[in-house]
Amino acid sequence: MKYKKYFRKTSLKQKGVGDFFLNEVKIKSPKVFLEVGVFHGVTARNVCELLQNLHNDDFKYIGLDLFEKNSENENEVIPITKFSNPLKSFYFNYIKKQNPYSIEAVEDLLKKFKNNISLIKGNSNKILKKIDMSKIDFVFLDGGHDYSTVINDLNCSIEVIQNNGTILCDDYDLTYAPGVKKAIDEFSVKNNFHCSVVCNSRFAKIEKINYL
Ligand SMILES: C[S@@+](CC[C@H](N)C(=O)[O-])C[C@H]1O[C@@H](n2cnc3c(N)ncnc32)[C@H](O)[C@@H]1O
């Protein structure tokens with residue numbers, strides 16, 4: 001599977017990382033996918049393309065993001081949204097007339113899947129508690145990177161693993177965000193889940209231990 005960048009920013013830009021990610025999703029072949037931390041929607045689009053190939057129209061993608069910096073979330077870390085490539089700035093400012101880090105722009109990028117997607121603007125610390133996790137079979141956790149947010153997001157997604165689904169966490173071993181690893185390790189040990197660290201420590205994959 002080839003991960004495409006759609007002329008936008010993505011955290012999976014490093015060579016081979018996006019392809020690895022898509023392959024993990026393909027192996028699990030989920031029908032209901034949740035991404036926490038959508039950003040410009042590049043991973044969202046890649047996932048929707050893949051799930052449509054696998055299931056035709058019988059899939060759902062749910063994406064949650066702050067989609068803006070405001071006074072309520074000033075403590076959250078948002079990646080740099082400015083482009084270093086002037087062509088991309090020109091394209092979004094004068095042709096698309098869009099802020100790529102907005103729910104409207106992501107809806108536009110995903111418009112061919114409009115019947116399969118649900119985008120939510122808000123903070124995972126508040127929103128995830130209200131989401132029905134019983135049907136979700138794959139979570140890609142790539143939102144807030146501080147310990148309290150990651151542990152919240154994992155605890156809110158616990159039902160996914162209990163139902164034999166998968167949580168794939170990005171940025172497992174980042175020196176500048178040690179809270180990610182701490183939360184994942186703690187959560188896996190406490191709940192006796194299997195955690196495998198894959199793709200040069202880039203991702204942590206959490207699943208139920210299968211004793212068969
Ligand atoms: C690294 S980016 C996600 C990249 C995206 N998954 C991709 O593959 O391109 C992290 C995103 O998480 C969002 N974020 C940070 N804290 C959050 C929170 N507490 N709740 C929801 N989204 C959050 C930021 O707005 C940002 O868009």
Side-chain angles (χ1 to χ4, degrees), residues 1-4 10-39 42-51 53-55 59-65 77 79 124-125 128 131 133-212:
M1 286 301 303
K2 271 271 151 246
Y3 184 91
K4 295 189 189 154
T10 169
S11 54
L12 304 190
K13 62 177 181 294
Q14 208 185 321
K15 200 172 175 348
V17 169
D19 299 348
F20 180 95
F21 166 84
L22 284 180
N23 202 42
E24 286 292 317
V25 180
K26 190 178 172 194
I27 291 166
K28 298 291 166 191
S29 195
K31 286 222 168 160
V32 187
F33 187 102
L34 167 67
E35 182 177 23
V36 181
V38 175
F39 195 42
V42 175
T43 295
R45 174 73 184 263
N46 277 279
V47 167
C48 287
E49 296 283 353
L50 171 63
L51 297 186
N53 270 335
L54 293 171
H55 307 301
F59 75 92
K60 191 165 168 63
Y61 167 91
I62 306 162
L64 165 65
D65 201 293
V77 177
S124 64
N125 289 294
L128 281 184
I131 292 186
M133 293 281 175
S134 64
K135 298 274 183 311
I136 294 171
D137 44 5
F138 199 108
V139 178
F140 180 43
L141 216 60
D142 192 18
H145 282 42
D146 62 312
Y147 170 80
S148 61
T149 299
V150 181
I151 203 79
N152 167 78
D153 296 356
L154 288 168
N155 284 328
C156 288
S157 309
I158 194 165
E159 200 182 341
V160 174
I161 302 183
Q162 287 164 342
N163 292 340
N164 294 309
T166 303
I167 304 179
L168 189 70
C169 309
D170 194 18
D171 296 326
Y172 172 71
D173 207 4
L174 276 189
T175 26
Y176 63 85
V180 177
K181 181 177 187 303
K182 183 173 185 287
I184 293 168
D185 291 349
E186 239 177 66
F187 174 79
S188 307
V189 170
K190 182 176 163 208
N191 296 293
N192 198 24
F193 291 145
H194 183 254
C195 175
S196 38
V197 177
V198 292
C199 195
N200 296 322
S201 304
R202 172 72 194 238
F203 300 112
K205 185 167 57 170
I206 311 173
E207 289 166 315
K208 202 154 97 177
I209 295 178
N210 199 337
Y211 290 102
L212 285 180

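Throughout, numbering of the chain's residues begins at 1 and tracks the sequence. Just so we're clear, the structure is a prediction, and the values are computed from it rather than from any experiment.
Of the charged side-chain nitrogens involved, none lies within less than 4.0 Å of a carboxylate oxygen, so that E24 and K28 do not count as a salt-bridged pair.
Within the 4.5 Å cutoff, no side-chain heavy atoms of I131 are placed close to those of C156. Two residues are said to be in side-chain contact when any heavy atoms from C-beta on lie closer than 4.5 Å; M133 and L34 meet this criterion. For the pair L154/C169, a side-chain contact is recorded, criterion being any heavy-atom separation below 4.5 Å from C-beta on. In this structure, the side chains of F20 and V198 come closer than 4.5 Å at one or more pairs of heavy atoms. With contacts defined as side-chain heavy-atom distances shorter than 4.5 Å, the pair I158/F193 qualifies. Between L51 and V25 there is a side-chain heavy-atom pair separated by less than 4.5 Å. R202 is listed as a side-chain neighbour of V17, based on a closest heavy-atom distance under 4.5 Å. Looking only at side-chain heavy atoms (C-beta outward), Y3 and T10 come within less than 4.5 Å of each other.
Distance alone, capped at 3.5 Å, is enough to place a donor-acceptor pair between the D65 side chain and the F39 backbone. Put simply, the side chain of D142 never gets that close to the backbone of G37: no donor and acceptor are under 3.5 Å apart. The backbone N or O of P30 sits less than 3.5 Å from a side-chain atom of H55, completing a donor-acceptor pair. When atom types are taken as modelled, the side chain of N152 and the backbone of S124 share a donor-acceptor pair closer than 3.5 angstrom. With K208 contributing its side chain and Q162 its backbone, the two residues share a donor-acceptor pair below 3.5 Å. Between the N46 side chain and the K4 main chain, a donor and an acceptor come within less than 3.5 Å of each other. Checking side-chain atoms of S188 against main-chain N and O of I184 turns up a donor-acceptor pair under 3.5 Å. With hydrogens and angles ignored, the 3.5 Å screen pairs a side-chain donor or acceptor of N155 with a backbone N or O of I151.
Between F59 and F33, the distance from one ring center to the other does not fall under 6.0 angstrom.
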Derivation and outcome, side-chain contact (heavy atoms from CB on, under 4.5 Å), residues F203 and D170: CA-CA 5 Å; F203 300 112; D170 194 18; 3.3 Å; yes
side-chain contact (heavy atoms from CB on, under 4.5 Å) between I161 and I167, intermediate numbers included: CA-CA 7 Å; I161 302 183; I167 304 179; 3.6 Å; yes
side-chain contact (heavy atoms from CB on, under 4.5 Å) assessment of E35 paired with I62: CA-CA 6 Å; E35 182 177 23; I62 306 162; over 6 Å; no
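When all heavy atoms are compared, the tightest approach of L22 to L50 is O-CD2, 3.5 Å. Here the closest heavy-atom approach between residue D173 and residue K181 is recorded as OD1-CD, 3.6 Å. Of all non-hydrogen atoms in L64 and L128, the two that sit nearest each other are CD2-CD2, 3.8 Å. Closest approach of H145 to L174, counting heavy atoms only: CD2-CD1, 4.1 Å. When every heavy atom of E207 is checked against every heavy atom of T166, the shortest pair comes out as OE2-OG1, 3.1 Å.
Counting non-hydrogen atoms of neighbouring residues, nucleotides and ligands closer than 6.0 angstrom, the CG atom of N163 exceeds 12 such neighbours. Applying the 6.0 Å contact sphere to CD of Q14 captures no more than 12 heavy atoms from other residues, nucleotides or ligands.
Between C48 atom SG and N53 atom CG the span is 11.5 Å, to the nearest 0.5 Å. The structure places SG of C199 at 11.0 Å from CZ of F21, a figure rounded to the nearest 0.5 Å. Residue I209 holds its CD1 atom at 7.0 Å from NE2 of H194, rounded to the nearest 0.5 Å. S157 contributes atom OG, which lies 9.0 Å from atom CD1 of I206 (distance to the nearest 0.5 angstrom).
Side chains of D185 and Y172: a donor on one and an acceptor on the other come within 3.5 Å.
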